Amino acid sequence: MFDTSYTAAPGRYEAMPYRRCGASGVLIPAVSLGLWQNFGTDAPMERIREIAHFAFDRGICHFDLANNYGPLPGAAEENFGRLLQDSFKPYRDELFISSKAGYLMWPGPYGEWGSRKYLMASLDQSLKRMKLDYVDLFYTHRFDPVTPIEETMQALVDIVRQGKALYVGVSRYPDAAAKKAYDYLRESKTPCLLFQDRYNIIDRWPEKDGLLDMARDNGSGFISFSPLQQGLLTSRYLDGVPAGSRMSRSGTSLPEKILTPTLLEALRGLNDLAQQRGQTLAQMSLSWLLADPRVTSVLVGASSVAQLKENLGALENIHFTEEELAAIERLSLPVQIHQH
Ligand SMILES: NC(=O)c1ccc[n+]([C@@H]2O[C@H](COP(=O)([O-])OP(=O)(O)OC[C@H]3O[C@@H](n4cnc5c(N)ncnc54)[C@H](OP(=O)(O)O)[C@@H]3O)[C@@H](O)[C@H]2O)c1
């Protein structure tokens, strides 16, 4: 049974700040919701609906998907399609929905990477799964070192011309390829709206390789995925690995070996600092990202409403003293991890 009685909260836009994606006309919420995990066949539809409704009621109008999000690949888009039908249909024009293609979706030579053949077919499949005419933003999900970058970028440009996406984005491209992508898209009058990469207190890669500055300098927004490093930058693992957590699940994207005693000690130090600021570790981690004007939005995941509610508390204080910033550097720089 679908809950067709959903009505969005009237005050949903009151508390959420909206930030401009680079030099574009588009504003997105400071906190966005990603459906990589917890929205596929691993979760009951009731919980999916509960989290999504809560998000939208609090002004999170940007939902991030990809062809392969599940499990099973495609399941998150299918479930989001159900949500659109049973709850969000009247609100389509209030939603900013993104999808991507790049990772393995179907067998054979056309089921992954960056060819025109794959990107065009994959977006058509995504639109069918979500029962949408268009997505707001379509990303190339990862850099393809073999396909000419011009082919991938021209496919994105043509997708916009076909009306299947309003804007285009680039995810996980190394710096030299990102520069070429920005240039091609700008020259084609379809500028990159958002660059999406992992960035958080313990993964500073986009700082080091200049991707944050490059996004800003090219008039693109930057959206930080896994801003909580999949839950490490929360209280989740401070006292062991709880049953049901991402780390506890087999075949996980967050292997237990990552949680070394040195990392745990640093996380505990960060947690103490957060408490001194009157925040939880999750909140401080998101606030730290949002304090940087180069970061347009933090793209969080959540397995419960309680987590999302806690995380939205980050918006209450995104100011840091010099001492706090220095303490974060001192605690986190020695334990940097970069998961590819
Ligand atoms: N472009 C790309 O290649 C790429 C790659 C990865 C992700 N993404 C995007 O980024 C989104 C977010 O990624 P992510 O899920 O890794 O983000 P994340 O926010 O770093 O991690 C989310 C996970 O952390 C835990 N968590 C969140 N808030 C918590 C809290 N307050 N207290 C305790 N635990 C908390 C939950 O894990 P439990 O399950 O343990 O509860 C939750 O599922 C994805 O959905 C996707 O849209 C993009």
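Remember, predicted model here, so these are calculated numbers, not experimental data. Order of appearance sets the numbers: ligands from 1, and atoms from 1 within every ligand. When a residue number appears, it is its place in the shown sequence, counting from 1.
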Where on [X] is there a heavy atom closer than 4.0 Å to ligand 1, on the side chain, on the backbone, on both, or on neither?
X      : answer
Thr234 : side chain
Arg172 : side chain
Gln307 : both
Pro227 : both
Ser171 : side chain
Asn311 : side chain
Thr280 : neither
Arg249 : side chain

Between the side chains of [X] and [Y], is a donor N or O closer than 3.5 angstrom to an acceptor N or O?
X      : Y      : value
Ser297 : His62  : no
Ser99  : Glu77  : yes
Tyr199 : Glu207 : yes
Tyr118 : Asp144 : no
Lys100 : Tyr69  : yes
Arg246 : Gln37  : yes

Non-neighbouring partners of Pro334 that pass side-chain contact (heavy atoms from CB on, under 4.5 Å), sequence neighbours left out: none

Ligand 1 and [X], any nitrogen or oxygen pair closer than 3.5 angstrom?
X      : value
Lys100 : no
Leu35  : yes
Tyr103 : no
Gly244 : no
Leu228 : yes

Shortest heavy-atom approach to atom 22 (C) of ligand 1 - which of Gly169, Ala282, Ser98, Gly301: Gly301

Closest to atom 43 (O) of ligand 1 (judged by heavy-atom distance), picking from Arg246, Gln37, Gln230: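 The residue whose heavy atom sits nearest atom 43 (O) of ligand 1 is Arg246.
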
Considering the heavy atoms of [X], write down every atom of ligand 1 situated less than 4.0 Å from one of them.
X      : answer
Gly231 : 21 (O), 24 (O), 25 (C)
Gln196 : 1 (N), 2 (C), 4 (C), 8 (N), 9 (C), 48 (C)
His141 : 1 (N), 2 (C), 3 (O)
Ser245 : 40 (O)
Val300 : 12 (C), 19 (O)
Gly34  : 11 (C), 44 (C), 45 (O), 47 (O)
Asp64  : 9 (C), 46 (C), 47 (O)

Is [X] atom [atom1] crowded by more than 12 heavy atoms from other residues, nucleotides or ligands, each under 6.0 Å away?
X      : atom1 : result
Glu316 : CD    : no
Lys208 : NZ    : yes
Glu265 : CD    : no

May I ask whether [X] places a heavy atom under 4.0 Å from ligand 1?
X      : value
Tyr69  : yes
Tyr237 : yes
Ser235 : no
Arg142 : no

Test: Asp57 and Arg12 ion pair at under 4.0 Å: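 No, no charged N to carboxylate O under 4.0 Å.
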
Asp183/Lys180 salt bridge by N-O under 4.0 Å criterion: no

Member of Thr280, Leu286, Leu281 meeting the side chain to side chain contact (heavy atoms under 4.5 Å, CB included) criterion with Gln283: Thr280

Test log, rule ring-ring contact (aromatic ring centres under 6.0 Å, His included), inputs Phe56 and Phe88: CA-CA 9 Å; Phe56 188 53; Phe88 287 153; 5.3 Å; yes

Hydrophobic cluster identity match, Ile159 and Leu185, side-chain contacts under 4.5 Å: yes

Top protein contact for atom 10 (O) of ligand 1, by heavy-atom distance: Phe225 CB, 3.2 Å

Plane angle bin for Phe96 and Tyr167 - parallel if under 30°, tilted between 30 and 60°, otherwise perpendicular: tilted

